[in-house]
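I have placed the structure first, in the form of structure tokens, so that the comments after it can refer back to it.
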2 protein chains.
Amino acid sequence: MSTADSDGAVLMPRIDQTGAAVGDSSLTDVAVRAGVSTATVSRALRGLPSVTEETRARIKAVADELGYVVSPSASRLATGRTHTVGVIVPSIDRWFSGQVIKGVEQVLRAAGYDLLFYNLGDDEGRARFFEAMPLRRRVDAVLVLSVPLQDPEVAKLRSLHLPIGLVGASADTFSSVRIDDLAGAATAVRHLIGLGHRDIALISGGTDVPPHFTTPTDRRRGYLDALAASGIGYDPALEAAGDFTITGGERAMSHLLGRPHHPTAVFALCDEMAFGAMRVLRTSGLRIPRDISVIGFDDHEMSDLLDLTTIRQPVVEQGATIARLLLDRLSAEAHTRPHQNEVSLPTQLVVRGSTAPRRARRA
Amino acid sequence: MSTADSDGAVLMPRIDQTGAAVGDSSLTDVAVRAGVSTATVSRALRGLPSVTEETRARIKAVADELGYVVSPSASRLATGRTHTVGVIVPSIDRWFSGQVIKGVEQVLRAAGYDLLFYNLGDDEGRARFFEAMPLRRRVDAVLVLSVPLQDPEVAKLRSLHLPIGLVGASADTFSSVRIDDLAGAATAVRHLIGLGHRDIALISGGTDVPPHFTTPTDRRRGYLDALAASGIGYDPALEAAGDFTITGGERAMSHLLGRPHHPTAVFALCDEMAFGAMRVLRTSGLRIPRDISVIGFDDHEMSDLLDLTTIRQPVVEQGATIARLLLDRLSAEAHTRPHQNEVSLPTQLVVRGSTAPRRARRA
DNA sequence: ATGAAAGCGCTAACAA
DNA sequence: TTGTTAGCGCTTTCAT
């Protein structure tokens with residue numbers, strides 16, 4: 001006979017056949033050790049009211065002693081709630097995604113939620129995702145970060161019957177957070193107009209415009225509106241598409257320089273395209289802002305370094321906000337009171353060295 | 001009496017009191033409908049061998065018809081395996097993190113694993129994490145991405161008794177993937193020496209050097225080794241710390257310019273510090289590479305745009321590789337055969353426009 | 001305030 | 001090859 005009683009093994013880390021330590025101690029272990037029922041331990045540890053402070057303290061002490069941690073699988077199975085939010089991003093390796101996720105993570109983590117993470121990647125990966133819908137039964141809610149959703153994809157998401165949150169888009173009855181793209185873009189263009197520019201080029205998005213991703217169209221409309229408000233006519237020759245990437249911005253700027261009507265200023269619908277444009281301008285021997293002004297949109301982390309005037313949008317905060325909206329819908333009380341579903345956050349003009357007053361034309 | 005028999009509800013989406021559709025259909029539903037036992041359904045759907053192709057087909061048909069999806073919570077509880085990997089990053093909103101996660105995600109997702117995501121954030125968040133160890137019971141393995149681990153943190157991780165993977169560090173018996181920082185740095189410095197430079201400044205890391213995060217020290221040693229190999233003495237006045245950030249790089253470069261011994265070339269231990277240095281050089285009226293050459297390390301996504309010569313490290317691939325090592329340890333066969341635990345990936349010199357031959361000193 | 005017991009939906013022996 | 005059955009570790013009525 002060993003010195004331990006027959007239940008002694010409960011107190012030691014149990015080892016399975018692979019040699020790895022398994023699941024530590026269970027609720028039952030704690031209950032036995034504390035001389036109460038498993039129900040009471042469960043209640044005590046979850047902070048439910050119907051437990052004496054004294055027993056709760058005792059149970060907590062035992063739990064700590066045994067290093068007890070609740071098994072998420074078991075409580076998920078019992079309650080049907082996963083305390084997990086699925087987060088879908090188009091591509092994790094982009095500045096915007098990282099920023100938004102940061103905000104999402106902070107809020108969700110603080111509320112005790114886990115993040116289940118899906119990177120869509122290329123078109124194929126995206127198709128696979130919406131085909132398999134791997135979030136079913138694993139999450140309580142879904143967050144979709146600036147993915148231009150197609151109608152069938154919206155339908156798929158809705159069929160999950162879960163709270164859905166969108167950043168940078170709005171659709172259906174989903175919660176959404178975005179910025180006022182139109183106003184921001186108009187502000188950018190007005191800044192240029194205020195500096196005396198009238199020949200203002202636009203580096204816009206691509207040609208394919210998914211219905212629920214209005215960022216490119218809204219920003220473009222802001223450009224048009226600002227021009228119109230100042231009585232400046234729109235010249236199609238001053239617009240080129242750059243598909244929201246650095247290299248796209250380079251291509252677009254090259255096109256613009258190849259045309260007869262030369263602008264004195266350029267508005268790129270995002271900073272990355274502005275970066276590409278700036279590079280082309282420099283290698284073309286044009287000086288910024290002396291020969292041409294450049295303004296972007298986003299306030300990318302590199303914009304300060306590159307001295308790019310831009311429209312700042314609060315990115316981390318958009319993540320935090322959509323997370324809060326979702327938590328709101330998930331909380332019990334939410335079923336009774338109405339909750340806010342669409343939030344728009346303000347943008348802000350950040351003037352740096354890439355914009356300056358228009359100079360008199362040479363020749 | 002409704003037209004459905006007493007079991008009819010099983011075939012309809014069940015609605016709970018909140019109005020949301022709940023858990024769809026269960027294994028039992030499928031079993032009943034297919035006229036087999038739940039065990040057979042389970043086997044069939046998991047592709048186990050001991051099922052007739054005929055019954056498997058029938059079961060699959062029924063499952064599809066009912067839109068059946070396995071409940072992860074239930075199977076986790078039954079098997080003890082979560083099919084989830086915890087991924088810990090110091091800060092998600094950095095270029096390096098996003099790249100590595102991309103690689104990790106691709107591999108893990110393809111193997112049917114979920115990613116549970118933890119962003120450590122500031123020191124406080126980090127302390128909280130290692131205190132609470134929220135991964136216990138929720139993951140089968142843990143990936144730590146370029147977090148400079150302290151000894152107590154290593155101990156905490158080990159106490160999980162799970163496979164642990166590290167990127168950019170190595171410790172304990174953990175699997176790890178990294179690059180040859182020393183060789184890469186030496187290559188960078190040799191490139192400068194080959195261009196005729198002998199007064200080569202170093203923008204190094206911070207002062208606090210965690211024991212398991214050897215990147216800064218290794219790269220610095222590469223610098224020293226390369227100098228020594230060419231018979232060039234080390235001058236402490238040519239070294240300044242920039243803590244691996246853009247602003248740190250700016251500070252370091254300013255310091256260097258304030259000293260009597262002026263370099264003709266600068267090696268920054270990472271591209272971001274090089275970015276900061278380049279900016280300070282430009283605003284100081286120095287031209288790159290005419291007056292001074294700059295070389296970085298990493299091949300950050302912006303380095304191409306900024307025309308920075310650098311040492312490229314394969315970042316996405318490091319993520320993919322560590323994920324594979326971990327999957328290896330998780331697979332059943334892994335218990336029998338030995339597996340590789342430490343992988344080192346090669347770096348590559350990428351020559352761009354920021355480095356050029358040394359010119360004769362003026363004055 | 002606490003306990004007993006019935007699940008939650010699956011998997012894995014063990015039988016047949 | 002297929003079925004029976006006993007859990008996995010919790011939560012939650014319903015009693016007490």
Side-chain angles (χ1 to χ4, degrees), chain A residues 10 14 16-18 20-60 62-63 66-84 136-138 140 332, chain B residues 10 14 16-17 22-60 62-63 66-83 136-138 140 332:
Chain A
V10 167
R14 284 168 297 170
D16 70 12
Q17 59 280 32
T18 70
V22 289
D24 304 328
S25 36
S26 72
L27 243 198
T28 311
D29 298 334
V30 178
V32 169
R33 192 68 126 93
V36 293
S37 73
T38 58
T40 302
V41 174
S42 176
R43 292 190 271 246
L45 262 25
R46 281 180 299 153
L48 297 193
S50 59
V51 179
T52 317
E53 267 319 312
E54 187 218 314
T55 46
R56 191 195 304 282
R58 182 158 41 96
I59 288 172
K60 276 197 169 145
V62 172
L66 297 181
Y68 171 75
V69 184
V70 67
S71 157
S73 319
S75 66
R76 283 170 193 181
L77 182 57
T79 62
R81 312 204 62 229
T82 63
H83 274 270
T84 301
R136 305 182 59 189
R137 291 182 166 232
R138 5 182 60 107
D140 293 341
Chain B
V10 167
R14 286 169 295 170
D16 69 12
Q17 59 279 35
V22 288
D24 304 327
S25 37
S26 73
L27 243 198
T28 311
D29 298 334
V30 178
V32 169
R33 196 61 130 95
V36 294
S37 73
T38 59
T40 302
V41 175
S42 176
R43 292 190 273 248
L45 262 25
R46 280 181 299 154
L48 297 193
S50 57
V51 180
T52 318
E53 267 319 311
E54 187 217 315
T55 46
R56 191 195 304 280
R58 182 159 39 96
I59 289 171
K60 275 197 170 145
V62 172
L66 297 182
Y68 171 75
V69 183
V70 66
S71 157
S73 319
S75 68
R76 283 170 192 181
L77 182 58
T79 62
R81 313 203 63 227
T82 63
H83 274 270
R136 306 184 57 190
R137 292 183 166 229
R138 7 183 58 109
D140 293 339

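We name chains A, B, ... by the order of the sequence lines, and we start the count at 1 in each one.
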Starting at atom [atom1] of [X], determine the distance to atom [atom2] of [N], rounded to an integer number of angstrom.
X	N	atom1	atom2	answer
I59(B)	dT2(D)	CD1	C1'	10 Å
L66(B)	dG9(C)	CG	C1'	15 Å
L45(B)	dC10(C)	CG	C1'	12 Å
R136(B)	dG9(D)	CZ	P	14 Å
R81(B)	dC10(C)	CZ	C1'	16 Å
L27(B)	dC8(C)	CG	C1'	13 Å

Which one, [options], comes nearest to the side chain of [X]?
X	options	value
T40(B)	dT2(D), dT11(D), dG9(C)	dT2(D)
V70(A)	dT11(D), dC10(C), dT2(C)	dT11(D)
A74(B)	dC10(C), dG3(D), dT11(D)	dC10(C)
Y68(A)	dC10(C), dC10(D), dA12(C)	dC10(D)
V51(B)	dT2(D), dC10(C), dG9(D)	dT2(D)

Any side-chain N or O of [X] below 4.0 angstrom from OP1/OP2 of [N]?
X	N	value
R46(A)	dT12(D)	yes
R56(A)	dT2(C)	no
R76(B)	dC8(C)	no
S50(A)	dT2(C)	no
S42(B)	dT11(C)	yes
S37(A)	dT2(C)	no

Quick one: closest heavy-atom pair of [X] and [Y], and the distance?
X	Y	value
H83(B)	D140(B)	N-OD2, 2.7 Å
G67(A)	S25(A)	C-OG, 4.4 Å
R136(A)	V69(B)	NH1-CG2, 3.3 Å
T55(B)	T52(B)	OG1-O, 2.9 Å

| How do T52(B) and L48(A) order along DNA chain D: which one's closest nucleotide is nearer the 5' end? | T52(B)

| message | Nearest heavy atom decides the nucleotide; on that basis, is A39(A) or L77(B) closer to the 5' end of DNA chain C? | response | A39(A)

| request: Let me know which of V41(B), L45(B), V30(B) forms a side-chain contact (heavy atoms from CB on, under 4.5 Å) with K60(B). | output: L45(B)

Could you check whether [X] gets within reach of a base, just the sugar-phosphate, or nothing at all, counting any heavy atom under 4.0 Å?
X	answer
R43(B)	base
T55(B)	sugar-phosphate
S75(A)	sugar-phosphate

| query | Are Y68(A) and L27(A) close enough that some pair of their side-chain heavy atoms sits under 4.5 Å apart? | reply | yes

